[in-house]
Amino acid sequence: MDLQLNGKSALVTGSTAGIGFAIATELAREGVRVTINGRRQAGVDAAVDRLRGLVSGAEVCGFAADLSTAYGCQALAGACPQVDILVNNLGIFDPSPFASIPDSEWQRFFDTNVMSGVRLARHYLPAMKAAHWGRVVFISSESGINTPGEMVHYGMTKSAQLAVARGLAQDCAGTGVTVNSVLPGPTRSEGVAAFFAKLADEAGIDEGEMERRFFAEARPTSILKRMIDPAEVAALVAYVCSGRAAATTGAALRVEGGIVSTIC
Ligand code: NAD
């Protein structure tokens, strides 16, 4: 299927690793000019080189900025003023008991996971509307509709992204710009793989057994019963960004292995 993406431009936030890097790679394979972002220049440079190695002829550049701040978002928007596709992938997680999460952490999660996408959408949407074509995708989570008790602050930000995406889709009515959210389930990104390795080490079991216990005890409704590959999330995101997906907007699209048991 031709996704009709050749020659488009995209910014993928938090994309030096994990799901973001997989999305950047998939878009580059479709002929999209991609801007990669992470906090540190060395990590951004390494990701740009890695992507060029994976996709021959890829048009890719990078910009280091901490998008948890208004200043970082402004700097990125200044360096990369216009794109056809914005993928708000950046997101942090940190399992913590509710009683021990201070105000500062609630604020940091909100700034990083929600305000980064709000600020960037506010910058890029006017030109997308004027061009009568644009795609904005928020990478939320199944945690957005299935709040995890072990990280309520994270779940709050993922629910907020769903609300922002739905409202922005309505704000873009009739413009040719679509706004959607994508809800991955547990995905083997570098960050999550390191977290599971630490848990396995602490429990004195191997990572395979850790994964089996996770799905038996923490996510028993999973139909997939395994971690998702970042490329499996990226495939859905590439479709949502495509010309083929013009009629999909205001939607919350799940790629979470069936954990959420409601039908729609
Ligand atoms: P990850 O931790 O593997 O990737 C982190 C990326 O974000 C890196 O590129 C890092 O440089 C960048 N980053 C971190 N803080 C930053 C900041 N302040 N400014 C700019 N860049 C920053 O992440 P992941 O696991 O691939 O998750 C990506 C998205 O998918 C997140 O929004 C996450 O909530 C969502 N998600 C992940 C999973 C999962 O199991 N991995 C499940 C559901 C949803």
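Computed over heavy atoms, backbone and side chain alike; hydrogens, waters and symmetry mates excluded. Residues take their numbers from the sequence shown, with the count starting at 1. Ligands are counted one by one from 1 in listed order, and the atoms in each one are counted from 1 as well. Predicted, not measured: the structure shown is a model, and the values here were computed from it.
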- Should G72 be listed as contacting ligand 1, given a heavy-atom distance under 4.0 Å as the test? no
- Side-chain H-bond candidate by donor/acceptor type, D84 with S9, under 3.5 Å: yes
- Among protein heavy atoms, which sits nearest to atom 22 (C) of ligand 1, and what does the distance come to when rounded to 0.1 Å? L90 CD1, 3.2 Å
- Out of curiosity, is F21 lining ligand 1, as in a heavy atom under 4.0 Å away? no
- Message: Would I19 count as a polar contact of ligand 1, with the cut-off being nitrogen or oxygen pairs under 3.5 Å?
- Response: yes
- Query: Looking at F21, is R50 sitting on its ring face, NZ or CZ under 6.0 Å from the six-membered ring centre and within 45 degrees of the normal?
  - Reply: yes
- Message: Counting non-hydrogen protein atoms only, what is the nearest one to atom 40 (O) of ligand 1? Give residue, atom name and distance.
- Response: T187 N, 2.7 Å
- Is R213 paired with E207 through a side-chain N to carboxylate O contact shorter than 4.0 Å? no
- Message: Among all protein heavy atoms in this structure, tell me which lies nearest to atom 20 (C) of ligand 1, with the distance rounded to 0.1 Å.
- Response: A65 O, 3.3 Å
- Note on the structure: Filtering G14, G43, S15, G38 for the heavy atom nearest atom 5 (C) of ligand 1 leaves G14
- Item | K158 contact mode with ligand 1 (heavy-atom cut-off under 4.0 Å) | side chain
- protein heavy-atom neighbour closest to atom 8 (C) of ligand 1 works out as T16 OG1, 3.3 Å
- Would the F109 and F93 ring centres measure less than 6.0 Å apart? no
- Query: Are side-chain heavy atoms of P186 and E142 found at a separation under 4.5 Å?
  - Reply: yes
- Give the residue and atom name of whichever protein heavy atom lies nearest to atom 32 (O) of ligand 1, and the separation in Å to one decimal. N89 O, 2.7 Å
- Q41 versus D45, side-chain donor and acceptor atoms under 3.5 Å: yes
- Item | Minimum-distance protein heavy atom relative to atom 1 (P) of ligand 1 | S189 OG, 4.3 Å
- Proximity to ligand 1 by part of V192, non-hydrogen separation under 4.0 Å: side chain
- Query: Taking both backbone and side-chain atoms of S141, is any N or O found less than 3.5 Å from an N or O belonging to ligand 1?
  - Reply: no
- Assess G185 for proximity to ligand 1: is some non-hydrogen atom of it under 4.0 Å away? yes
- For ligand 1, indicate whether the residue V233 contacts it via side chain, backbone, both or neither (heavy-atom separation under 4.0 Å). neither
- Message: Heavy atoms only: which of A47, G91, S140 lies closest to atom 44 (C) of ligand 1?
- Response: S140
- Would you kindly specify which portion of P186 sits under 4.0 Å from ligand 1, judged on non-hydrogen atoms: side chain, backbone, both or neither? backbone
- Item | Ligand-side contact atoms (ligand 1) for residue partner N37, heavy atom cut-off under 4.0 Å | 20 (C), 21 (N)
